[in-house]
Amino acid sequence: MKPILRLITLCFFLNTTNISAQDYFGQFSKTEFNCDGEDLNFFLWLFENKTQINNFLDIKKGDKVVEIGAGNGINFGVMSMLYDSVNFTAQDINETALNRISLNKLIRKYTKYSGKPQTNTFEIVIGNLTSTHLKDNTYDEAFIINSLHDFDKQEEMIDDIGKKIKQDGKFILLEGYSFPGDTQTCPDYGPHVLHTLDFELARFEKHGWYLTKMRAPNFKAAHYGQALIYERDKNKSLAFYTKKKNVDEVISHAFRFRDNVVASDAALMLQITDSLKPRIRDINQAYTGFETWLRELGYKHMMKAEYQAAENIFKSIIDLYPTSYQTYYWLAYAQEKQSKFELALKNYSDALAKSPNNEACIKKVKQMEKLSNGKN
Ligand SMILES: C[S@@+](CC[C@H](N)C(=O)[O-])C[C@H]1O[C@@H](n2cnc3c(N)ncnc32)[C@H](O)[C@@H]1O
């Protein structure tokens with residue numbers, strides 16, 4: 001795992017026990033992507049399935065897409081499973097990591113995962129510390145994924161990248177963010193701090209880039225992964241901020257799910273859930289990944305063996321979003337951990353009904369049938 005990715009994971013899930021964050025996030029990567037969690041790289045932490053990625057990124061056939069600081073190009077491996085006839089350009093300063101032979105090999109691997117012929121094209125461009133060496137006014141989407149914090153000359157790079165994006169193009173950042181007062185530094189690279197989201201939004205505005213989409217709320221209490229889309233259209237950004245402000249107050253109650261005392265209190269959780277329920281459509285319009293973000297709060301409790309809190313969170317999510325098999329699975333898992341085997345059997349069975357042939361669910365149902373036999 002890359003150092004900063006490990007940092008984010010470590011910080012978000014500090015003092016944890018039991019299975020790793022990667023196991024929670026990657027549990028259904030085979031079901032949803034036909035590959036292991038680690039093959040999804042940074043996407044693992046932000047999106048649970050192809051539809052979520054598609055809806056958020058909105059990349060179209062024929063688009064020219066570039067990633068700056070692409071490393072070996074792994075993120076285009078992931079994207080190549082989702083898109084057809086897209087022109088991908090992987091850019092980095094490191095010619096050893098990013099080269100034609102290894103990129104071709106990587107793309108072959110992901111083409112196998114996708115199970116369909118490869119129709120995308122892949123180019124490589126090598127830049128330097130202040131310049132991408134890309135063509136001006138060329139790209140529909142420019143990504144920086146888990147890299148901006150690594151750039152020595154960030155302001156110069158943001159300016160240079162801006163020139164390469166078409167007038168109506170998008171600047172997409174998938175990154176980790178910090179919180180005010182944070183003193184955590186990277187265990188591998190020392191003083192290697194992540195910015196707060198507020199700092200980042202203000203500095204992108206100075207470069208003429210305005211926020212038009214974000215995956216999840218600005219969670220100021222932990223390191224966390226976030227997906228942001230910036231565009232030049234100020235009015236579009238104002239419309240986004242109107243939607244966001246419309247729900248931020250009610251969402252702030254959900255931040256309390258993070259507290260074990262709050263989340264363990266079923267009555268209080270019901271009260272908070274009831275306040276969110278009538279606003280869920282508005283919330284989804286502001287934050288496309290709100291449901292996933294709530295599930296992440298559940299994982300966080302499970303990582304600390306706070307299973308009652310996790311159980312209550314997953315029940316809340318079912319109240320708000322009744323259709324996802326993942327929530328039923330994790331609700332059952334939290335119940336299993338508390339030896340509530342009959343309840344676990346019921347919820348694993350519900351997960352299986354919503355995701356037929358799901359191997360993880362089938363396995364758990366069989367286990368619970370044995371364990372629940374007269375025990376609850
Ligand atoms: C943590 S890695 C992330 C790689 C990839 N984006 C991923 O998600 O796995 C950061 C990358 O940024 C690259 N990098 C650092 N400074 C850069 C710059 N000025 N321009 C382009 N790439 C840069 C590094 O060479 C490295 O490959």
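Both backbone and side-chain heavy atoms feed into the values below; hydrogens, waters and symmetry mates do not. Note that the coordinates shown come from a computational prediction; the quantities given were computed from them, not determined experimentally. Whatever order the structure lists ligands and atoms in, that order sets their numbers, starting from 1.
- Neither the backbone nor the side chain of Lys153 comes within 4.0 Å of ligand 1, counting heavy atoms alone.
- The closest approach between Gly127 and ligand 1 stays at or above 4.0 Å for every heavy atom of the residue.
- The contact set between ligand 1 and Ile145, taken as ligand atoms under 4.0 Å from a residue heavy atom, comprises 5 (C), 6 (N), 8 (O).
- At least one heavy atom of Gln91 sits under 4.0 Å from some atom of ligand 1.
- Those atoms of ligand 1 that come under 4.0 Å of a heavy atom in Asn146, given as number and element, are 1 (C), 3 (C).
- Residue contact check: Glu67 has heavy atoms under 4.0 Å from atoms 5 (C), 6 (N) of ligand 1.
- Ring orientation note: the planes of Tyr321 and Phe290 are tilted relative to one another, at an angle of 30° to 60°.
- Between Asn128 and ligand 1 there is a heavy-atom distance shorter than 4.0 Å.
- Ring orientation note: the planes of Tyr333 and Trp330 are nearly perpendicular, at an angle over 60° on the 30°/60° scale.
- Contacts of Asn75 with ligand 1, taken as heavy-atom pairs under 4.0 Å, involve the side chain alone.
- With respect to Lys315 and Glu311, a salt bridge is recorded, a charged nitrogen being found less than 4.0 Å from a carboxylate O.
- Ligand 1 lies out of reach of Phe42, whose nearest heavy atom is not under 4.0 Å from it.
- If you check each of Asn72, Asn94, Asp92, Asp150 against atom 24 (C) of ligand 1, the one with the closest non-hydrogen atom is Asp92.
- For ligand 1, the atoms closer than 4.0 angstrom to any heavy atom of Leu129 are 19 (N).
- Distances between N or O atoms of Gly69 and those of ligand 1 include at least one value under 3.5 Å.
- Salt-bridge annotation for Asp350 and Lys346: present, with a side-chain N of the basic residue lying under 4.0 Å from a carboxylate O of the acidic one.
- Ion pair Lys206/Glu155 not flagged as a salt bridge, since none of the NZ, NE, NH1 or NH2 atoms sits closer than 4.0 Å to an Asp/Glu carboxylate oxygen.
- Of the residues listed (Lys64, Lys61, Lys166, Lys164), the one engaging Asp140 in a salt bridge (charged side-chain N to carboxylate O under 4.0 Å, His left out) is Lys166, and it is the only one.
- Counting heavy atoms closer than 4.0 Å to ligand 1, residue Ala97 contributes nothing at all.
- Here Asn41 has side-chain heavy atoms under 4.0 Å from ligand 1, and that is the only part of it that gets that close.
- Classified by interplanar angle (parallel below 30°, tilted 30° to 60°, perpendicular above 60°), the ring pair Phe122/Phe76 is tilted.
- Contact annotation: the side chain of Val78 approaches that of Tyr110 to within less than 4.5 Å [non-hydrogen atoms, C-beta and beyond].
- Side-chain rings of Phe204 and Phe171 approach one another, their centers coming within less than 6.0 Å.
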